[in-house]
Student: 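I have a structure I would like to understand better, so I am pasting it below and will then ask my questions one at a time.
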Amino acid sequence: MAILHILHYPDPRLRIKASPVQQVDDEIRLLIDDMLETMYDAPGIGLAAPQVNISKRLIVIDISKTRDDPLCLINPEVVQRERCEMMEEGCLSVPGIYEPVERAAWIRARALGRDGKPMEMEAEGLLAVCIQHEIDHLEGRLFVDYLTEMKRRRIRKKMEKIRRHTI
């Protein structure tokens, strides 16, 4: 397994819409393992393949306190949403920034699992928010897109300043 490089906002590669996974094979399962290792190392609770510069519709999540309950969703889609709630979100691609975002409080999602078999699940609270956040990455959207233009500009400037000082 390997720790992958996480792209940071405003990298334009984060805006590319990801392609569906055509076949769940050993290569995809290795990518899942690498993404989980990267997410745990960061540390984070979710990671989408586009964040590690791989344009595939694949996300990994683990919201457990013990960091031992990984969820892998391949070609995920939200098929039903209910209620809205505001929750503070952060992102491994926008490190150090946390802002409240409105999302559905309950969702029903469909995806393929690590084994390639179709699955459907319901989620609420933090898990529902995390799934929606990571699916946004597959569409080329970031949580900062839900913020005001003024906040986005401030975050962009901060991220560009950090990038200049780390090069």
Side-chain angles (χ1 to χ4, degrees), residues 1-18 31-74 76-78 81 83-107 109 111 121-167:
M1 292 197 300
I3 305 281
L4 306 171
H5 173 73
I6 298 172
L7 301 176
H8 289 156
Y9 176 76
D11 192 308
R13 293 172 289 182
L14 291 167
R15 299 303 188 171
I16 298 169
K17 187 173 179 176
L31 174 58
I32 292 165
D33 293 342
D34 289 346
M35 286 176 59
L36 284 166
E37 185 173 359
T38 302
M39 179 188 73
Y40 290 134
D41 181 70
I45 61 170
L47 186 67
Q51 290 179 272
V52 292
N53 199 26
I54 297 171
S55 188
K56 297 279 184 203
R57 298 187 71 79
L58 167 61
I59 64 176
V60 295
I61 295 170
D62 189 344
I63 62 167
S64 70
K65 299 270 189 248
T66 51
R67 316 289 283 155
D68 63 356
D69 191 20
L71 174 64
C72 164
L73 300 175
I74 301 165
E77 61 180 323
V78 175
R81 292 175 166 84
R83 305 183 315 277
C84 288
E85 69 179 352
M86 292 292 282
M87 190 177 285
E88 189 172 77
E89 291 187 27
C91 181
L92 294 176
S93 290
V94 193
I97 305 295
Y98 300 90
E99 293 285 343
V101 174
E102 185 174 297
R103 303 254 190 204
W106 177 93
I107 63 167
M121 63 182 290
E122 295 178 8
E124 60 186 346
L126 180 59
L127 181 57
V129 167
C130 194
I131 291 170
Q132 292 169 87
H133 175 108
E134 299 307 331
I135 288 176
D136 272 356
H137 280 296
L138 305 180
E139 297 298 323
R141 283 192 303 265
L142 296 150
F143 87 98
V144 297
D145 297 341
Y146 294 91
L147 307 177
T148 65
E149 180 62 34
M150 187 170 74
K151 280 187 179 180
R152 271 195 311 276
R153 268 198 307 263
R154 179 179 51 83
I155 292 167
R156 178 188 268 277
K157 282 183 180 181
K158 183 176 182 178
M159 296 303 297
E160 288 172 342
K161 183 178 180 181
I162 291 168
R163 187 168 162 245
R164 279 193 305 272
H165 291 301
T166 57
I167 293 176

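Heads up: numbering here begins at 1 and tracks the sequence. The figures that follow rest on heavy atoms only: side chains count, while hydrogens, waters and symmetry mates do not.
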Student: Taking only residues two or more places apart in sequence, or in another chain, which ones meet Asp69 in a side chain to side chain donor-acceptor pair (under 3.5 Å)?
Tutor: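 Checked Asp69 against side chain to side chain donor-acceptor pair (under 3.5 Å); zero matches.
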Student: By side chain to side chain donor-acceptor pair (under 3.5 Å), which residues pair with Arg141, not counting sequence neighbours?
Tutor: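 Side chain to side chain donor-acceptor pair (under 3.5 Å) list for Arg141, sorted by chain: Asp136.
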Student: Not counting sequence neighbours, list each pair that qualifies as a salt bridge (Lys or Arg N to Asp or Glu O under 4.0 Å) and has a residue in residues 1-13.
Tutor: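 Qualifying pairs: Asp11-Arg13.
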Student: Measure across Leu7 and Ser93 and return the closest heavy-atom pair with its distance rounded to 0.1 Å.
Tutor: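 Nearest heavy atoms, Leu7 then Ser93: O-OG, 2.8 Å.
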Student: Does Lys65 have any side chain to side chain contact (heavy atoms under 4.5 Å, CB included) partners at least two apart in sequence or in another chain, and if so, which?
Tutor: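 Lys65: no side chain to side chain contact (heavy atoms under 4.5 Å, CB included) contacts found.
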Student: When rounded to the nearest 0.5 angstrom, what is the spacing between CZ in Arg156 and CD1 in Ile97?
Tutor: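 Here the interatomic distance stands at 13.5 Å.
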Student: Anything under 3.5 Å between a donor and an acceptor, one on a side chain of residues 121-132, the other on a protein residue two or more places apart or in another chain? List them.
Tutor:
{"from": "Glu122", "atom 1": "OE2", "to": "Arg108", "atom 2": "NH1", "distance (Å)": "3.0"}
{"from": "Glu122", "atom 1": "OE2", "to": "Arg108", "atom 2": "NH2", "distance (Å)": "3.2"}
{"from": "Gln132", "atom 1": "OE1", "to": "Ala104", "atom 2": "N", "distance (Å)": "3.2"}
{"from": "Gln132", "atom 1": "NE2", "to": "Ala104", "atom 2": "O", "distance (Å)": "2.9"}
{"from": "Gln132", "atom 1": "NE2", "to": "Ala128", "atom 2": "O", "distance (Å)": "2.9"}

Student: Would you list the pairs meeting salt bridge (Lys or Arg N to Asp or Glu O under 4.0 Å) in which at least one residue belongs to residues 46-61, sequence neighbours left out?
Tutor: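 Found Arg57-Glu139.
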Student: Side chain to side chain contact (heavy atoms under 4.5 Å, CB included) with Pro70: which of Leu36, Asp33, Ile32?
Tutor: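 Testing each of Leu36, Asp33, Ile32 against Pro70, the sole residue satisfying side chain to side chain contact (heavy atoms under 4.5 Å, CB included) is Leu36.
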Student: On a heavy-atom basis, which atom in Pro50 and which in Leu14 lie closest, and how many Å separate them?
Tutor: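 So the two residues come closest at O-CD2, 4.0 Å.
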Student: Please name the pair of heavy atoms, one in Leu147 and one in Pro100, separated by the smallest distance, quoted to 0.1 Å.
Tutor: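 Heavy atoms of Leu147 and Pro100 come nearest at CD2-O, 3.8 Å.
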Student: At what distance, to the nearest 0.5 angstrom, does CZ of Arg67 lie from OH of Tyr40?
Tutor: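 Between atom CZ of Arg67 and atom OH of Tyr40 there are 6.0 Å.
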Student: Atom CG of Leu73 and atom CG of Leu71: how far apart are they, to the nearest 0.5 Å?
Tutor: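 Going from the CG atom of Leu73 to the CG atom of Leu71 covers 4.0 Å.
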Student: If you measure from CD on Glu37 to CD1 on Ile3, what distance do you get to the nearest 0.5 Å?
Tutor: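 Here the interatomic distance stands at 4.0 Å.
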Student: Would you indicate whether the side-chain heavy atoms of Ile74 and Pro76 approach each other to under 4.5 Å?
Tutor: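 Pro76 vs Ile74: side chains apart.
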Student: Could you grab the distance from atom CG of Asp62 to atom CE of Met39, nearest 0.5 Å is fine?
Tutor: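 The CG atom of Asp62 sits 5.0 Å away from the CE atom of Met39.
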Student: What are the two closest non-hydrogen atoms of Met159 and Pro10, and how far apart are they?
Tutor: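 Closest pair (atom of Met159, atom of Pro10, distance): CB-CD, 4.4 Å.
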Student: Taking only residues two or more places apart in sequence, or in another chain, which ones meet Glu149 in a side chain to side chain donor-acceptor pair (under 3.5 Å)?
Tutor: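 Side chain to side chain donor-acceptor pair (under 3.5 Å) list for Glu149, sorted by chain: Arg152.
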Student: Is it the case that the side chain of Thr38 and the backbone of Leu4 share a donor-acceptor pair, with hydrogens and angles ignored and the cut-off at 3.5 Å?
Tutor: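 At least one qualifying donor-acceptor pair exists.
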Student: Which residue pairs pass the salt bridge (Lys or Arg N to Asp or Glu O under 4.0 Å) test with at least one member in residues 42-53, sequence neighbours excluded?
Tutor: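 Sorted pair list comes back empty.
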Student: Quick one: salt bridge (Lys or Arg N to Asp or Glu O under 4.0 Å) partners of Lys151, sequence neighbours excluded?
Tutor: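 Lys151: salt bridge (Lys or Arg N to Asp or Glu O under 4.0 Å) contacts with Glu99.
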Student: Take Arg15 and Asp145 through the side-chain contact (heavy atoms from CB on, under 4.5 Å) test and state the conclusion after the steps.
Tutor: CA-CA 11 Å; Arg15 299 303 188 171; Asp145 297 341; 2.6 Å; yes
Student: Among residues at least two apart in sequence or on other chains, which ones pass side chain to side chain donor-acceptor pair (under 3.5 Å) with Asp41?
Tutor: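 With sequence neighbours excluded, Asp41 shows a side chain to side chain donor-acceptor pair (under 3.5 Å) to no residue whatsoever.
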Student: Please identify each residue that fulfils side chain to side chain contact (heavy atoms under 4.5 Å, CB included) with Lys157, with sequence neighbours left out.
Tutor: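 Per chain and number, Lys157 pairs via side chain to side chain contact (heavy atoms under 4.5 Å, CB included) with no residue.
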Student: Please test Met35 against Leu58 for side-chain contact (heavy atoms from CB on, under 4.5 Å), starting from the C-alpha separation and ending with a verdict.
Tutor: CA-CA 10 Å; Met35 286 176 59; Leu58 167 61; 3.8 Å; yes
Student: Where is the tightest heavy-atom contact between Asp34 and Ala2, given as atom of each residue plus distance?
Tutor: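 The pair with the smallest heavy-atom distance is OD1-N, 2.8 Å.
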Student: Donor-acceptor pairs under 3.5 Å, side chain of residues 84-92 to any protein atom, not counting sequence neighbours: which ones?
Tutor:
{"from": "Glu89", "atom 1": "OE1", "to": "Arg103", "atom 2": "NH2", "distance (Å)": "3.1"}
{"from": "Glu89", "atom 1": "OE1", "to": "His133", "atom 2": "ND1", "distance (Å)": "2.7"}
{"from": "Glu89", "atom 1": "OE2", "to": "Arg103", "atom 2": "NE", "distance (Å)": "2.7"}

Student: Atom CG in Leu47, atom CD1 in Ile61: separation rounded to 0.5 Å?
Tutor: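 These two atoms lie 10.0 Å from each other.
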